[in-house]
Amino acid sequence: MRRTVSAALDEAAADIGRVDARVLACHLLGVGRAWLAANPMHVLTESQDAQFDSLVSRRAMGYPVAYLVGTREFYGRDFAVGPAVLIPRPETETLVEAALGRLPPGGSVLDLGTGSGAVAVTLACERPEATVHAVDSSADALAVARANAARHGAKVEFARGSWYSPVAGQRFDLVVANPPYVAAGDHHLVEGDLRFEPGAALTDGSVDGLDSVRAIVSGAPAHLKPGGWLLVEHGYDQAAVCEALFAAAGFTDLVTIADLAGIPRVAGGRQKPPG
Ligand code: GLN
């Protein structure tokens, strides 16, 4: 017997909660929340019924909602996501805000480890006159990022490679990165969505999680224009060590910016202006 929307939602809610059940039903039926609420007696087709059960059981095993529905909202835009990329997180909007405030008119920006392209594409959309470059070592991630740039009509120059290697000899007004920074062995890696996200986007395997940050900071002076900014997202307990890394690399105007939860989240510093 085929179920009504209401019956299917009630059953799913027992396993995955009502919020996720509604999100998955909206995705499957291609409708909004209002339609769902207004049509509880709508009867699912056999195929919809089976597909809904399949989505619910994958969610019940912990598979991220964002991967099941294929998108996640970031800075007011929908981004395609899949298991090749980290799911964009609200705290990374702090990195975007910090970048928008420091990108000079018509300036150039480099996004290292772009993943889904959420940061680079957002910057290109918000500052259409800027030159935006984005690098990732994963071809699969770059395919997702390119699709997101196309989806939003953003002009981003993508290149594959490790950190600065695809942009050797080039200098930018701004370098931004949300690199892997979770320490190897951190219990968060085996909890929640992180279990299903690409390991290389979360941790580089270093004991303190900061090898990638060190590579980004030490390579930055050769890739920033005088007075240019470096902004790097980091973990909740990494602000002090990041600031020390920036200072040791000769950066000035050091800042630590908190995310909306009040957690220190972005380290920033400026390449010394000439003279
Ligand atoms: N903020 C992410 C988390 O801990 C980690 C993202 C990253 O390593 N860049 O959930």
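For the single chain, residues carry numbers from 1 onward in sequence order. Whatever order the structure lists them in is the order used to number ligands and atoms, beginning at 1.
Side-chain contact check for Tyr75 and Glu97: at least one donor-acceptor pair (N or O, by modelled atom type) lies under 3.5 Å. Remark: the Ser54 side chain and the Arg58 side chain contain an N/O donor-acceptor pair separated by less than 3.5 Å. Inspection of the Glu233 and Thr92 side chains reveals an N or O donor paired with an N or O acceptor under 3.5 Å. For the residue pair Gln51 / Ser47, a side-chain donor-acceptor distance below 3.5 Å is found, with atom types taken as modelled.
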Which pairs of N or O atoms, one from ligand 1 and one from the protein, are separated by less than 3.5 Å, and what is the distance for each pair?
from: ligand 1; atom 1: 1 (N); to: Glu91; atom 2: OE2; distance (Å): 3.3
from: ligand 1; atom 1: 1 (N); to: Tyr181; atom 2: OH; distance (Å): 2.8
from: ligand 1; atom 1: 8 (O); to: Tyr181; atom 2: N; distance (Å): 3.2
from: ligand 1; atom 1: 8 (O); to: Leu202; atom 2: O; distance (Å): 3.3
from: ligand 1; atom 1: 9 (N); to: Asn178; atom 2: OD1; distance (Å): 2.8
from: ligand 1; atom 1: 9 (N); to: Pro179; atom 2: O; distance (Å): 2.7
from: ligand 1; atom 1: 10 (O); to: Arg89; atom 2: NE; distance (Å): 3.0
from: ligand 1; atom 1: 10 (O); to: Arg89; atom 2: NH2; distance (Å): 3.2

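Taking 4.0 Å as the cut-off between side-chain N and carboxylate O, Asp53 and Arg3 count as a salt-bridged pair. Salt-bridge check for Asp173 with Lys225: passed, with a basic side-chain N closer than 4.0 Å to an acidic carboxylate O.
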